[in-house]
A.B. asks: 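Sharing a structure below in structure tokens format, with a few things to ask.
Residue numbers begin at 1 in each chain, while the letters A, B, ... track the order of the sequences. Since we're looking at a predicted model, the values are computed, not measured.
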Amino acid sequence: MKMSKLFVQTLREFPSDAEVISHKMLVRAGYIRKLTSGVYNYLPLMWRVLKKVENIVREEMDKAGAQELLMPFVQPKELWEESGRWEVYGKELMRLKDRHNREMCLGPTHEEIITSIARDGLKSYKQLPVNLYQIQSKFRDEVRPRFGLLRGREFIMKDAYSFDTSEEGLKKEYENMAKAYSRIFKRCGLNTKMVQSDSGAIGGSVSHEFMVITDTDAGENDVFYCDSCDYSANSNHAISNLPEANIVGKYEKAEIIDTPDTHSIEELSDFLKIPSTIIVKTLVYIVDKKPVLALIRADKQVEETKLMNAVGGVDIRIATAGEIEEMMGVNGFDAAKGFIGPNGLKEYNGYPVTIIADNTVKEMKNFVIGINQEDKHGVGYNWGSEVKLPEIVTDIRLVEAGELCPQCGKPLKVTRGIEVGNIFQLGTKYSKPMNAVFTDVDGKTKPYVMGCYGIGISRTAAAAVEAHYDEFGIKWPLAIAPYHAIVIPVSTKDELQMKVANDIYETLKKHGVEVVIDDRDERPGVKFKDAELIGFSYIITVGKSINEGLVEFKTRETNEKSQMKPEDAAEIVVTAVHNIK
RNA sequence: CGGGAUGUAGCGCAGCUUGGUAGCGCACCUCGCUUGGGACGAGGGGGUCGCACGUUCGAAUCGUGUCAUCCCGACCA
């Protein structure tokens, strides 16, 4: 490809609306342009990268025994009603109506469609197991798209779905996919960590996420991990053991005391001169419109996903001050935030109040707790006497770095991660309600045991930029670079330079190298800047030293430069390209 | 959805306070000059100033409304 004809417009400056590295770089280097919020044009350079990522995914999926197909982007409401998700999925599901007023949606994921395909085609255990996948644009009407390709509304995803006759079969396929994923991300030049995670709206029991750990701020997930063993988990799923703490209060008898203006835990513990580990904190949440009280040891935070799962909801938020006031009124109290407690709160918004206690409060004794009276707290309280231990006591606690690994007891560490893939064991979550069954050996019909496996293709490409860049631009891993190399004649007017540059260009092309020659009548600085910004893996410069028979060879990954003969430079590139796998 | 901000040429911005019919840098086109790190000179093209209504002789500028975009929080590949 001639640079003069390559469709690319590099910018002198970073776009003002971009925040993270990959977004800044991809726009400035001419890979993407935003069309509207969360929706991007993939320009020719970007499309080349995406196709390479896709092909790696495709090769590894095929090698792992999966079969590719393609499902529609527009889906009918009826299937989503069968699975029960038309109601549950929420506003991210982009709903629309056709000319006959029939309700449709843009596919955010394809469990419903694939399940309907399977139940039509997979009737016998003899046909199982099967793993089907597709690579396609998805649309999720995110509340707040951001970070360029890392969180768009429209994005490219590989989604795979497996169908097995048994849990054992599913587990085997799950392992198989986990291995394929590791190979895929490795080939894309990414270091990933496979971490335990919550299964969220997709559902199912066991799930893991593949996180890219970078030193940029682009990661949106906190990953807790242990250096001493293999434990790692997303913060929404991580568990830990707590170091010893003082959980027995100094109070000898239960009483109500004045605690004026102690609206926060800090103020309360300062006022009473006690550690926050003997205070039970009560937080008010609204889960799917229903009131939920969360009780937790006051030095710890609630993990909202865990709390939501404990209640069995799909949407959670902390209650507003107004809602809290209303709830107090309904139940005959008049206390504000800071003085709330579980005693006496019965109902709100037409629903009974659900109370969930975190494991941390169970062993606490003679503790301090809100009693729904302004400027007062109960002290020396105990479960079973002054206050009832809630029926549900479970883990709703957000892990913090330094707490102890649940597997080996060493302190946990935390890091930010970009989620590029995930795998779920769905079980019969979709096959059962959608009546997707096969006939087993014993002649009985049974629902498929399903798994699903996603990879964000466009996100993976963006994550690769987050992991490979420097002050000059992108440093693509060779396997996903839009072009492997660029040949730069310093002066297009110099006949010898042009001839040698062209020779190298032709040689590389002949050997299957994807190469660009910068034939533009630009000053050298412009060509170097562009080459580095765009991120060609190898940069071969033909300049004055060609009079001594030498060219300059630069490896973008390391920025190492050296002088060598043209044929040697070509040789290095050809060998490197042939060694991609 | 809660909080904050911004909409002026493809990109980055000024002008708005104090209303007078739009400007700078980059990019683009032509000519010259230049060719190892985003040169220089001369000339040129491109914007109904997000949109609507209002105030005014006159609105990018003032007012009201509206739409869009971005940032911080809660959700996800």
Side-chain angles (χ1 to χ4, degrees), chain A residues 9-20 23 27-28 30 33-39 57 89-93 108-109 135-160 181 197-202 207 209-212 220-221 234 236 285-286 304-305 308 314-318 320-322 418-424 452-463 472-473 488-494 497 520-533 539 541-546 551-552 554 561:
Chain A
Q9 173 73 63
T10 57
L11 305 177
R12 204 61 168 273
E13 291 162 281
F14 287 119
S16 63
D17 60 358
E19 199 64 15
V20 298
H23 188 194
V27 172
R28 182 169 169 197
R33 271 297 171 99
K34 185 175 67 189
L35 182 61
T36 183
S37 178
V39 180
V57 169
Y89 210 96
K91 290 184 186 146
E92 276 146 57
L93 185 63
T109 175
I135 296 173
Q136 180 206 46
S137 285
K138 294 276 183 283
F139 196 95
R140 292 184 193 172
D141 198 3
E142 295 279 347
V143 191
R144 182 149 114 76
R146 62 182 139 176
F147 297 162
L149 260 37
L150 286 174
R151 174 181 289 275
R153 290 194 294 171
E154 183 172 315
F155 57 96
I156 301 174
M157 182 175 170
K158 185 281 302 182
D159 45 326
Y181 273 35
S197 77
D198 177 67
S199 43
I202 308 283
S207 81
E209 293 168 338
F210 286 77
M211 295 285 189
V212 174
E220 292 190 81
N221 300 271
N234 191 318
N236 65 21
Y285 282 90
I286 305 293
E304 296 186 355
T305 305
M308 185 172 78
V314 294
D315 181 59
I316 186 169
R317 62 181 175 80
I318 195 109
T320 63
I418 302 169
E419 182 187 350
V420 288
N422 63 19
I423 53 180
F424 293 96
C452 82
Y453 318 90
I455 290 179
I457 302 286
S458 39
R459 183 182 277 183
T460 297
F472 305 110
I488 301 178
V490 169
S491 168
T492 50
K493 301 233 165 43
D494 184 303
Q497 288 183 24
R520 295 175 302 172
D521 184 21
E522 288 284 357
R523 295 171 63 83
V526 174
K527 298 184 183 183
F528 295 145
K529 291 286 186 197
D530 277 344
E532 284 153 4
L533 182 59
I539 300 171
T541 305
V542 185
K544 281 191 187 115
S545 55
I546 195 59
V551 298
E552 181 185 286
K554 174 165 163 169
K561 290 192 275 194

A.B. asks: Should A:Arg146 be listed as having a side-chain N or O under 4.0 Å from OP1 or OP2 of B:G73?
C.D. replies: yes

A.B. asks: Does a nitrogen or oxygen in the side chain of A:Thr305 sit under 4.0 Å from OP1 or OP2 of B:C75?
C.D. replies: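 For B:C75, OP1 or OP2 has a side-chain N or O of A:Thr305 closer than 4.0 Å.
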
A.B. asks: Counting side-chain heavy atoms from CB outward, which of B:G36, B:U69, B:C71 is closest to A:Glu19?
C.D. replies: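 Minimum distance to the A:Glu19 side chain belongs to B:C71.
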
A.B. asks: List the residues meeting side-chain contact (heavy atoms from CB on, under 4.5 Å) with A:Glu304, not counting sequence neighbours, and say none if there are none.
C.D. replies: A:Tyr285, A:Ile316

A.B. asks: Closest nucleotide of RNA chain B for A:Gly38 versus for A:Gly152: which of these residues is on the 5' side?
C.D. replies: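 Its nearest nucleotide being more 5', the pick is A:Gly38.
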
A.B. asks: For the side chain of A:Phe528, starting at C-beta, report the closest nucleotide among B:U69, B:U34, B:G37.
C.D. replies: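 Of the candidates, B:G37 comes closest.
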
A.B. asks: Between B:A74, B:U34, B:C72, spot the one nearest the side chain of A:Glu304, thanks.
C.D. replies: B:A74

A.B. asks: Compare side-chain N and O positions of A:Thr36 against OP1 and OP2 of B:U69 and report whether any pair is under 4.0 Å apart.
C.D. replies: yes

A.B. asks: Residues in ring pair (Phe, Tyr, Trp, His ring centres under 6.0 Å) with A:Phe210, at least two apart?
C.D. replies: A:Tyr181, A:Phe185

A.B. asks: Of the listed nucleotides (B:A74, B:A77, B:G36), which one gets closest to any side-chain atom of A:Thr541?
C.D. replies: B:G36

A.B. asks: Does A:Arg459 have any side chain to side chain donor-acceptor pair (under 3.5 Å) partners at least two apart in sequence or in another chain, and if so, which?
C.D. replies: none

A.B. asks: Which residues pass the side chain to side chain donor-acceptor pair (under 3.5 Å) test with A:Ser137, not counting sequence neighbours?
C.D. replies: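 For A:Ser137, no residue satisfies side chain to side chain donor-acceptor pair (under 3.5 Å) once neighbours in sequence are set aside.
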
A.B. asks: Would you please confirm or rule out a distance under 4.0 Å between OP1 or OP2 of B:A39 and any side-chain N or O of A:Arg523?
C.D. replies: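 Yes, within the criterion.
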
A.B. asks: Is there a donor and acceptor pair closer than 3.5 Å between the side chain of A:Arg151 and the base of B:C76?
C.D. replies: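 Indeed, a donor on one side and an acceptor on the other fall under 3.5 Å apart.
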
A.B. asks: Are any of A:Lys544's side-chain N or O atoms less than 4.0 Å away from OP1 or OP2 of B:G36?
C.D. replies: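 Yes, because at least one side-chain N or O of A:Lys544 sits under 4.0 Å from OP1 or OP2 of B:G36.
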
A.B. asks: Does A:Ser37 put a side-chain nitrogen or oxygen below 4.0 Å from OP1 or OP2 of B:C70?
C.D. replies: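 For B:C70, OP1 or OP2 has a side-chain N or O of A:Ser37 closer than 4.0 Å.
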
A.B. asks: List for me each residue that meets side chain to side chain donor-acceptor pair (under 3.5 Å) alongside A:Gln136, sequence neighbours excluded, and say none if there are none.
C.D. replies: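 Only A:His110, A:Gln134, A:Lys138 meet the side chain to side chain donor-acceptor pair (under 3.5 Å) criterion with A:Gln136.
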
A.B. asks: Between B:A77, B:G37, B:A74, which nucleotide has the shortest distance from any of its atoms to the side chain of A:Phe155?
C.D. replies: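 For A:Phe155, the side-chain atoms sit closest to B:A77.
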
A.B. asks: Find every protein N or O atom lying less than 3.5 Å from an N or O atom of nucleotides 8-12 of chain B, and list the pairs.
C.D. replies:
residue : atom : partner : partner atom : Å
B:G10   : O2'  : A:Arg33 : NH1          : 3.1
B:G10   : O2'  : A:Arg33 : NH2          : 3.3
B:G12   : OP1  : A:Ser16 : N            : 3.1
B:G12   : OP1  : A:Ser16 : OG           : 3.1
B:G12   : O2'  : A:Glu13 : OE2          : 3.0

